[in-house]
Amino acid sequence: MKRRVARLLEHGIAPASILPVTFTRVAAEDLHRELVSMDVAGADGLTGVTLHSLAMRMLMRNHVLGATGRVPRPLNDFELEPLICDLMGAHGGKKAVKKFKQAYEAAWARLQHEHPGYVLDPADATFQHDLLNWLRFHRAMLIGEVIPQLYQYLRNNPAAQERAEFQHILVDEYQDLNRAEQSVIALLSDHAQVCIVGDDDQSIYSFKHAHPDGIRQWLVANAGADDLGLDDCRRCPTRVVQMANSLIDHNQIRPVPRALVPLPTNGPGDVRIVQYPSLTNEVNGVANIIAGMVANGTPPGDILVLAQRGVIGTPIYEALVARQIPVRSYYAEAELDALEARRAFAKLKLLIDRDDRVALRWLVGIDGNNWHAAGYRRVRDHCEASGLTPWQVLEQIAAGNLSLPHTGGIVVAFNDLVAELDALEALPDLASIVDELFPAGQIATRDIRQLSLDILAEMDMEEGIDGEDINSEFLSRLQEAINQPDIPSEIQDVRIMSLHKSKGLSAPVTIIAGCIQGLLPKQPDNTLPAAQQALEMEEQRRLFYVGITRVKAAPNAGKPGTLILTYSQTMPLASALGAGIAPAQMQYGLASLHASQFIAELGPAAPQPIAG
DNA sequence: GGGAGAGACGTTTTT
DNA sequence: CGTCTCTCCC
């Protein structure tokens, strides 16, 4: 992709008419950095984007806003709670609402509406009606709606300028896109030449409704396209390539069975498989291995630790911190885990935009059981009848000019909120607001404070951001940093993350911890039909395949490429149950564990496991 | 309507 | 283990 973009730029194609789409922001930044480093004229004007950020940008345009009638204000995960409570009364409880919502997003991701004979179940239809009313009233959008909204806009407006904006579109990781995403690409490419890159054997996003068949269908729909196979594995040591080939060969349902071709000059690499008596031993063993490597001169940034659950990754992180090895953990959007962080973040949103109805809904509900759903229902009904905003209605109740039953708790919260917002408004600048909302030394807001300070510093360096824009620019950058955390590929720290997050990265030393049956592969969902379970198992195998092929051999630089797979015989039963790990046996608070079946499937090229 | 307490149930991965 | 649901009671 990088070379193709470089060639287009050299031929004088305008950077703005080239769209390189990548799956994650990491990959987008990687591409951008590499193009700049290649010193191609025009590379500066080129922005690699994720499909998601492109969609947000297009939906924000005035003429698009008018056409869709929807506000692209995505809901954070934590902001879904009051939505769920507001809908649970009419739709059979929280679990039912979550299921309905999941089905709604899945239908859009798969574009089920376009399938001939598709009929919407009446219960789903009423739910969708109520959901959309909630979202319209609160001027917001589900994250899962962002791409479908753009899809609808593009499909219904064949003359839209957006459909002819690009001359060249390049898409990475095509197998990880769902139908809606693939269709958006197709609609954007009316006047463009398209190049897609993907690998069936790395499709690991079925829970996001990825549509890997799209690659083969694309070749049929675009007859005459060049189809180039890339079978040489330039990254991995030869022994790892043999193991990966043996592993993936166990997948029966492969449309195009194919083997990676090892590059002999990469050398065999260094592969170890280690079993420990307990999770504690495994954690310490991994930490000691890393400490030994760092002491012998391996840069910490060369080491990548993959673990599919926080209960395994986090203790390794802490063990490394204790050994004073620079390390970063990339589990979930941790900045907003703590209630105090959510509260402060919601206040910031409301401070910057008093019309942010979602933030207001959240803040007035937070103290109540079920988010004061009953009282809020009355506030909203009154808004809809009178045409007033929620803020105005709450002001009237607070002033005693209006009385609605069951709104006592809401009004108490509203009065507190008004006082706090007034106090924040009186502060001289953003830096003091950040200081007040995320105070120094408060554990719950430590991460979001750091993120905010970094963004403030970054904005100070730039010119041309002034006046009223500062606040909203700050908020949108903070929001983006929380939603899509940076995972830089060049870094000074040991990186610890899930296997999904490791996609697109590579490292001279890769360690996969917790290779146990019941976690990797996870326990199949036995309520599903057998065929479905088989598909799940194959995806788990692809996940492990992605993991082991992160190892990078650079024998000339003294880095042979090291892969270490570890697992343990036992772990505390509570940790296992809490993390959804199905133990082989359980007794006296201890879960007995077995080695992942994938270890044996690595075949004869894999070394014998050793005891650690 | 909403609080307290008992029992059932699901647990992850990402934009 | 934490969250959700159900029941009982005010």
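Proteins come first, then strands; the chains are lettered A, B, ... in the order of their sequence lines, and each starts at number 1. As a basis for the values below, the full set of heavy atoms in this structure was taken, side chains included, without hydrogen atoms, waters or symmetry mates.
- For A:Ile312 and B:dT13, the CD1 to C1' distance is 14 Å, given to the nearest whole Å.
- Among C:dT5, B:dT13, B:dT12, the nucleotide with an atom closest to any side-chain atom of A:Met88 is C:dT5.
- For the atom pair CD1 of A:Ile397 and CG of A:Leu404, the computed distance is 4.0 Å after rounding to the nearest 0.5 Å.
- Between the P atom of C:dT3 and the CG atom of A:Leu339 lies a distance of 11 Å, rounded to the nearest Å.
- Taking the six-membered ring for Trp and thresholds of 30 and 60 degrees, A:Phe345 and A:Phe78 have ring planes inclined between 30 and 60 degrees apart.
- Atom NE2 in A:His372 sits roughly 13 Å away from atom C1' in B:dG3 (whole-Å rounding).
- Separation of atoms CG (A:Leu150) and CE (A:Met56) is listed at 11.0 Å; rounding is to 0.5 Å.
- When the nucleotides B:dT12, B:dT14, B:dG2 are ranked by their closest atom to the side chain of A:Lys522, B:dT12 comes out on top.
- Put simply, A:Ser53 has no side-chain N or O that comes within less than 4.0 Å of OP1 or OP2 on B:dT15.
- Picking from B:dT14, C:dC4, B:dG2 the nucleotide with the shortest atom distance to the side chain of A:Lys95 gives C:dC4.
- If you take CD of A:Gln149 and C1' of B:dT15, they are 16 Å apart, rounded to a whole angstrom.
- In this structure, A:Leu51 and A:His406 both approach DNA chain B, and ranking their closest nucleotides by distance from the 5' end singles out A:His406.
- A straight line from CG of A:Asp172 to P of B:dT15 spans 14 Å, rounded to a whole angstrom.
- A donor-acceptor pair is defined here as one N or O able to donate and one able to accept, closer than 3.5 Å; no such pair exists between the side chain of A:Glu165 and the backbone of A:Leu188.
- Of the listed nucleotides (B:dT13, B:dG1, B:dT12), B:dT12 has the atom at the smallest distance from the side chain of A:Arg309.
- Per the stacking criterion (ring centres < 5.5 Å, plane angle < 30°), A:Phe207 does not stack onto the base of B:dT14.
- A:Asn370 places its CG atom 9 Å from the P atom of C:dT5, with the value rounded to the nearest Å.
- Atom C1' of nucleotide B:dT15 and atom CD1 of A:Ile143 are separated by 7 Å, given to the nearest angstrom.
- Residue A:Lys98 has a polar side-chain atom (N or O) positioned under 4.0 Å from OP1 or OP2 of C:dC4.
- Side-chain nitrogen and oxygen atoms of A:Lys94 include none within less than 4.0 Å of the OP1 or OP2 phosphate oxygen of C:dT3.
- In this structure, A:His500 reaches the bases: a heavy-atom distance under 4.0 Å links it to at least one base atom across the strands shown.
- Straight-line distance from the CG atom of A:Leu75 to the P atom of B:dT15: 17 Å, rounded to whole Å.
- Residues A:His500 and A:Phe207 come closest through the heavy atom pair NE2-CE2, 3.7 Å.
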